[in-house]
K.L.:
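This structure is in structure tokens; I'll ask about it shortly.
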Protein chains: 2
Amino acid sequence: MAKSPGEPRPSTPPAPVSRRTRPAKAALSADALVSAALAILDADGLDAVTMRRVAQALDTGAASLYVYVANRDELLALVYDRVLGEIPLPAVAAVGEPFPRWRTELSTLVRTAITVLGSHRGIATVALGDVPTGPNALALAEAILGLLAGAGIDDLTRSLALDLINLHITAAAAEESAYAAKGAEGHTEESAVAAMDEAFGRLSAADYPHLVSMRETLTAGSGDERDAWGIEVLLNGILGTPARG
Amino acid sequence: MAKSPGEPRPSTPPAPVSRRTRPAKAALSADALVSAALAILDADGLDAVTMRRVAQALDTGAASLYVYVANRDELLALVYDRVLGEIPLPAVAAVGEPFPRWRTELSTLVRTAITVLGSHRGIATVALGDVPTGPNALALAEAILGLLAGAGIDDLTRSLALDLINLHITAAAAEESAYAAKGAEGHTEESAVAAMDEAFGRLSAADYPHLVSMRETLTAGSGDERDAWGIEVLLNGILGTPARG
DNA sequence: GTTCGTAACGAACGGCGTTCGTAGCGAACG
DNA sequence: CGTTCGCTACGAACGCCGTTCGTTACGAAC
């Protein structure tokens with residue numbers, strides 16, 4: 001009762017009971033923050049995941065979030081790991097056991113990882129700045145290492161291959177998100193071709209002979225086909241490039 | 001004379017001559033914006049490249065920049081292309097001519113591209129959102145296509161390979177920048193190992209057998225060695241994976 | 001009954017990208 | 001020569017942002 005700050009509510013009088021007064025409210029938690037952030041991410045993209053919007057979705061103030069999360073980057077890292085959890089992982093063979101199905105399993109694992117990460121608008125870019133160490137990131141790494149072990153690849157090569165595959169997943173997903181974001185609801189095809197023509201129209205065949213001659217080939221193939229080819233290249237390359245070879 | 005707004009300068013009277021009154025001033029230009037932005041980028045990183053700071057470096061106001069650039073993203077795209085210009089490109093063989101040195105040339109081209117992009121703190125992430133179409137980006141693409149042509153690779157495969165190589169360059173550079181940024185002046189080695197141990201300390205060998213058994217191998221090798229191996233994998237994989245095979 | 005740690009919160013700080021209305025100024029035009 | 005016009009430049013402002021601070025409420029411990 002002392003202090004008597006009165007009613008310092010200059011903006012929104014229609015809410016009669018202060019949020020603080022209300023009792024239950026489902027209790028905040030880091031998981032709840034992540035869920036709210038993920039919903040905003042899917043709805044409006046990475047830039048829309050602001051502390052204020054997350055707080056608003058949870059019917060609280062931005063300052064309250066800092067009890068569960070040190071800052072926005074940490075929240076995004078948690079969201080990233082949550083998304084990684086959506087990737088179905090194959091059962092891992094025991095250490096030392098050969099696993100003949102490793103190639104198809106690894107191929108689909110990489111492809112689904114790219115698709116899952118790419119479908120949550122822009123979250124993949126989070127991983128390019130922080131080496132992720134969340135539980136689901138570790139589980140994914142474990143699965144990849146297990147499949148590579150099933151191929152009989154030595155430890156050093158597997159270690160390098162893990163990095164390379166992770167890099168590829170992240171980059172391919174980030175690119176996919178970017179394409180999806182650009183299109184929004186416009187035609188991906190049309191705008192992409194338009195941009196291409198715009199850029200190519202000014203090219204002289206003398207200065208850029210290969211680009212000009214390949215103009216049509218460069219836009220060929222769907223994203224999925226390009227993704228699939230990329231994975232094949234990676235796997236073939238890994239098999240054919242032992243470390244310290 | 002009409003209107004007579006008087007002297008609406010409530011904040012900084014110590015500057016007697018309005019910037020407007022001063023005559024010469026070297027004249028703004030898109031190039032000047034890019035140079036100023038690049039200097040800030042190298043000094044303080046991508047986040048520090050704000051419209052206000054660029055304007056300040058040019059001794060003007062942020063609003064003035066919009067005459068030469070539509071928005072910050074466009075400015076960053078110009079900076080990105082400027083940085084690409086720092087990459088020395090090999091002479092391109094004529095279309096149809098075999099070029100036996102293609103492999104070493106392409107390998108060093110990719111490696112230097114990663115190094116150059118990675119050395120300008122965070123600029124590589126710009127390319128993950130915009131397919132770059134600046135002149136230097138086109139020249140780089142032309143060079144890569146030319147070297148691949150020297151290897152006798154067909155058009156469709158070259159097209160896919162170009163995308164894959166560009167993706168790898170961008171991602172590897174972004175990761176390199178991120179590592180450099182994390183370290184700042186702290187020991188990269190120490191902090192990386194500490195983070196690893198932090199994450200690995202909680203791992204049970206039952207749940208993560210491969211990760212645990214490879215704990216030491218995973219941190220082996222310098223960044224350069226990993227980069228070099230990655231390029232070999234890409235090139236070997238491209239050679240061994242014709243499109244529509 | 002009192003103390004105390006801590007979740008929750010409103011307000012504020014400093015900064016951001018961008019827009020708006022206007023001021024200056026050289027060239028074009030009558 | 002006088003006027004108009006287009007364009008660069010600019011200060012101020014808008015609506016955001018992440019984060020911090022000081023205070024309040026409240027449950028558990030004593």
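Naming convention: chains lettered A, B, ... in sequence-line order (proteins, then strands); numbering from 1 in each chain. No hydrogens, no waters, no symmetry mates; every other heavy atom, side chains included, goes into these values.
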K.L.:
Closer than 4.0 angstrom, basic N to acidic O: yes or no for A/R111 and A/D224?
P.N.:
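Result for this pair is no, no salt bridge flagged.
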
K.L.:
Would you mind reading off the distance between A/Y68 atom OH and D/dG18 atom C1', rounded to a whole angstrom?
P.N.:
19 Å

K.L.:
Please list all pairs meeting salt bridge (charged side-chain N to carboxylate O under 4.0 Å, His left out) that have one or both residues in residues 131-143 of chain A, counting only residues at least two apart or in different chains.
P.N.:
none

K.L.:
Under 4.0 Å between a side-chain N or O of A/S64 and OP1 or OP2 of C/dC9?
P.N.:
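For C/dC9, OP1/OP2 do have a side-chain N/O of A/S64 under 4.0 Å.
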
K.L.:
According to the salt bridge (charged side-chain N to carboxylate O under 4.0 Å, His left out) rule, which pairs have a member within residues 113-140 of chain B, sequence neighbours left out?
P.N.:
A/K182-B/D130

K.L.:
How long is the line joining CG of A/D44 and C1' of D/dC16, in whole Å?
P.N.:
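That distance rounds to 15 Å.
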
K.L.:
Tell me which nucleotide, if any, is Watson-Crick or G-U wobble paired with D/dA29 when both distances must be under 3.5 Å.
P.N.:
C/dT2

K.L.:
Pull out every protein N or O sitting under 3.5 Å from an N or O of nucleotides 15-18 of chain C, one pair per line with the distance.
P.N.:
| unit_1 | atom_1 | unit_2 | atom_2 | d |
| --- | --- | --- | --- | --- |
| C/dC16 | OP1 | B/T50 | OG1 | 3.4 |
| C/dG17 | OP1 | B/M51 | N | 3.4 |
| C/dG17 | OP1 | B/R72 | NE | 3.2 |
| C/dG17 | OP2 | B/M51 | N | 2.9 |
| C/dG17 | N7 | B/R52 | NH1 | 2.4 |
| C/dG17 | O6 | B/R52 | NH2 | 2.9 |
| C/dT18 | OP2 | B/Y66 | OH | 3.0 |
| C/dT18 | OP2 | B/R72 | N | 2.8 |
| C/dT18 | O5' | B/Y66 | OH | 3.4 |

K.L.:
Donor-acceptor pairs under 3.5 angstrom involving side-chain atoms of residues 162-173 of chain B: please list them, not counting sequence neighbours.
P.N.:
| unit_1 | atom_1 | unit_2 | atom_2 | d |
| --- | --- | --- | --- | --- |
| B/D163 | OD2 | A/R226 | NE | 2.8 |
| B/D163 | OD2 | A/R226 | NH2 | 2.7 |
| B/T170 | OG1 | B/N166 | O | 2.8 |

K.L.:
Name every donor-acceptor pair, under 3.5 Å, that has one atom in a side chain of residues 31-43 of chain B and the other anywhere in the protein, sequence neighbours excluded.
P.N.:
| unit_1 | atom_1 | unit_2 | atom_2 | d |
| --- | --- | --- | --- | --- |
| B/S35 | OG | B/D31 | O | 3.1 |
| B/S35 | OG | B/R82 | NH1 | 3.1 |
| B/S35 | OG | B/R82 | NH2 | 3.4 |
| B/D42 | OD1 | B/H120 | ND1 | 2.5 |
| B/D42 | OD2 | B/H120 | ND1 | 3.3 |

K.L.:
Which residues pass the salt bridge (charged side-chain N to carboxylate O under 4.0 Å, His left out) test with B/D207, sequence neighbours left out?
P.N.:
none

